[in-house]
Novice: 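Here's a structure for you.
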Amino acid sequence: MPRIPPHPERRPVLVTGASSGIGAAVAVGLAEAGYPVALGARRTAICEELAAKIRAGGGEAVALPLDVTSDESVSFFVSEAEQALGEIEVVVTCAGEVTPENSYQTSTPSFEVQLQLNLVGTQRFVSAVVPAMAARGRGDIVFVTSDVVRLPRPRMGAYVAAKNALEGLARAMQMELEGTGVRASILRPGPTLSGMGSTWPVEVLQPVLDDWTRFGLARHDRFLKPRDVAAAVLAVVSMPRGAHITLLEIEPEAPLSEGER
């Protein structure tokens, strides 16, 4: 059997949705681990502030505008990132959004917007990068999905549909890429204290949390921190070649019970 070469020393990374939450934490975490990172999001100024902090700490980072719903924006981002950092070795897809409303009350345009951002935009982005990875015979793609795939949550119908479809896409790509040297991995975080949902007013957020409790989806009050998810991403992409983490789910650990303290 042909031997699989190790990872190259330099592994440039593209991170979508890098202006806040999980995406920002992934960019910082990978940069701290020595990966050159390109931060992409619509809020470019915030990404640039984060990239400047990474550079000030000795890391290598560039911030570029990115709208995953636009072919032109994706092409520009990938091209500029490659010019700044070199051939792309790792892609982490974190761009996403959820609107908290009942599925039967969601307008079709709103439903479509969420599918475009969470699903179609991800496919658009990876299709701009992965062919070159396959031609080189190496690379990592990390699809950040959600535990709503395993545990659908009320008032998140469009998001649930999009993340289920995204995992379907990722699983198809795993088969399509087998033997190319490119690893497609699914990272499935549970509830996370990120930018998503942080802007919801209490009168919107509280019914969502109440429904989680009602359906047994909130067994305790702990949430993941974005840096926890970033640590999981690092574990996936730093796995030595020859091994492939196809699916990794990360959930918040429950607080210690009284008898264990």
Side-chain angles (χ1 to χ4, degrees), residues 14-24 26 39-44 46-47 64-78 91-131 141-174 176 184-192 194-201 203-209 211-212 215 217 229:
L14 304 182
V15 182
T16 72
S19 60
S20 65
I22 290 174
V26 166
L39 293 79
R42 287 176 290 192
R43 296 181 295 177
T44 313
I46 298 175
C47 285
L64 296 163
L66 174 63
D67 177 358
V68 296
T69 67
S70 162
D71 291 338
E72 293 76 14
S73 179
V74 168
S75 295
F76 176 83
F77 176 83
V78 173
V91 172
V92 187
T93 68
C94 301
E97 189 54 85
V98 57
T99 301
E101 55 190 357
N102 289 322
S103 303
Y104 64 87
Q105 294 173 320
T106 303
S107 68
T108 299
S110 175
F111 191 91
E112 185 177 15
V113 164
Q114 292 181 71
L115 289 183
Q116 284 289 336
L117 183 57
N118 292 291
L119 172 63
V120 180
T122 299
Q123 189 278 335
R124 174 180 289 108
F125 190 80
V126 298
S127 68
V129 185
V130 175
I141 314 142
V142 182
F143 293 91
V144 178
T145 65
S146 168
D147 74 345
V148 301
V149 174
R150 181 173 61 86
L151 298 168
R153 297 176 187 267
R155 301 176 190 262
M156 302 174 74
Y159 187 75
V160 170
K163 291 300 187 180
N164 271 275
L166 183 57
E167 287 205 7
L169 171 67
R171 291 188 182 280
M173 285 186 62
Q174 287 173 344
E176 294 162 354
S185 300
I186 298 167
L187 179 60
R188 188 190 286 168
T192 306
S194 68
M196 190 179 295
S198 64
T199 59
W200 300 349
E203 61 269 22
V204 172
L205 177 61
Q206 193 58 54
V208 171
L209 297 178
D211 273 355
W212 288 10
F215 290 103
L217 300 171
V229 184

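Keep in mind that this is a model prediction, so the values were computed, not measured. What's counted below: heavy atoms across the whole structure, side chains too, no hydrogens, waters or symmetry copies.
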Novice: To check you understand the geometry: which heavy-atom pair defines the closest contact between C94 and V26, and what is its length?
Specialist: SG-CG2, 4.3 Å

Novice: Which value, rounded to the nearest 0.5 Å, describes the distance between S73 atom OG and L64 atom CG?
Specialist: 9.5 Å

Novice: Okay, side chain of S107, backbone of Q105: is any donor-acceptor separation there less than 3.5 Å?
Specialist: no

Novice: How far apart are the C-alpha atoms of T69 and V120, what are their side-chain angles, what is the distance that settles it, and do they pass the side-chain contact (heavy atoms from CB on, under 4.5 Å) test?
Specialist: CA-CA 7 Å; T69 67; V120 180; over 6 Å; no

Novice: Do F76 and S70 touch side chain to side chain, with heavy atoms closer than 4.5 Å?
Specialist: no

Novice: Just so I know, are the side chains of F215 and L151 near enough to count as touching, which here means a heavy-atom distance under 4.5 Å?
Specialist: no

Novice: How about E101 and S110: does a side-chain donor come under 3.5 Å of a side-chain acceptor?
Specialist: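 Yes, S110 and E101 have a side-chain donor paired with an acceptor closer than 3.5 Å.
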
Novice: What pair of heavy atoms forms the shortest contact from L217 to P152, and how long is it?
Specialist: CD1-O, 3.6 Å

Novice: Take atom CD of Q206 as the centre, draw a 6.0 Å sphere, and report whether it contains more than 12 heavy atoms from other residues, nucleotides or ligands.
Specialist: yes

Novice: Under a 4.0 Å threshold between the charged nitrogen and the carboxylate oxygen, would R153 count as salt-bridged to D147?
Specialist: yes

Novice: Please give me the minimum heavy-atom distance between A128 and V78, naming the atom from each residue.
Specialist: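 Looking at all heavy atoms of both residues, the closest pair is O-CG1, 4.1 Å.
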
Novice: Could you tell me which residues satisfy side chain to side chain contact (heavy atoms under 4.5 Å, CB included) with A165, sequence neighbours excluded, listed by chain and number?
Specialist: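 If we apply the side chain to side chain contact (heavy atoms under 4.5 Å, CB included) test to A165, skipping adjacent residues, the hits are L119.
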
Novice: Could you grab the distance from atom CD of E112 to atom OG1 of T106, nearest 0.5 Å is fine?
Specialist: 13.0 Å

Novice: State, to 0.1 Å, how close R43 and S20 come at their nearest heavy-atom pair, and which atoms those are.
Specialist: NH2-OG, 3.0 Å

Novice: Treating N118 as the side-chain partner and E97 as the backbone partner, does any N or O pair qualify as donor plus acceptor under 3.5 Å?
Specialist: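 Checked: pair present.
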
Novice: What is the minimum heavy-atom distance between T99 and Q114, and which atoms define it?
Specialist: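 Result for this residue pair: N-OE1, 3.1 Å.
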
Novice: For T93, what residues pass the side chain to side chain contact (heavy atoms under 4.5 Å, CB included) criterion, not counting sequence neighbours?
Specialist: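 Side chain to side chain contact (heavy atoms under 4.5 Å, CB included) check on T93 returns T16, V91, T122, V126, F143.
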
Novice: If you look at every heavy atom in I141 and M173, which pair is closest and at what distance?
Specialist: CD1-CE, 4.0 Å

Novice: Is there a donor-acceptor pair closer than 3.5 Å between any side-chain N or O of E167 and the backbone N or O of I186?
Specialist: no

Novice: Taking atom CZ of R124 as the centre, does the number of heavy atoms from other residues, nucleotides or ligands within less than 6.0 Å exceed 12?
Specialist: yes

Novice: Under the criterion side chain to side chain contact (heavy atoms under 4.5 Å, CB included), which of V129, V68, L66, L39 is the partner of F77?
Specialist: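 Of the listed options, the one satisfying the test is L66.
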
Novice: With a 4.5 Å cut-off on side-chain heavy atoms, are L166 and L169 touching?
Specialist: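 Yes. Closest side-chain heavy atoms under 4.5 Å.
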
Novice: For R171, which residues count as a side chain to side chain donor-acceptor pair (under 3.5 Å) partner, sequence neighbours excluded?
Specialist: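 None.
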
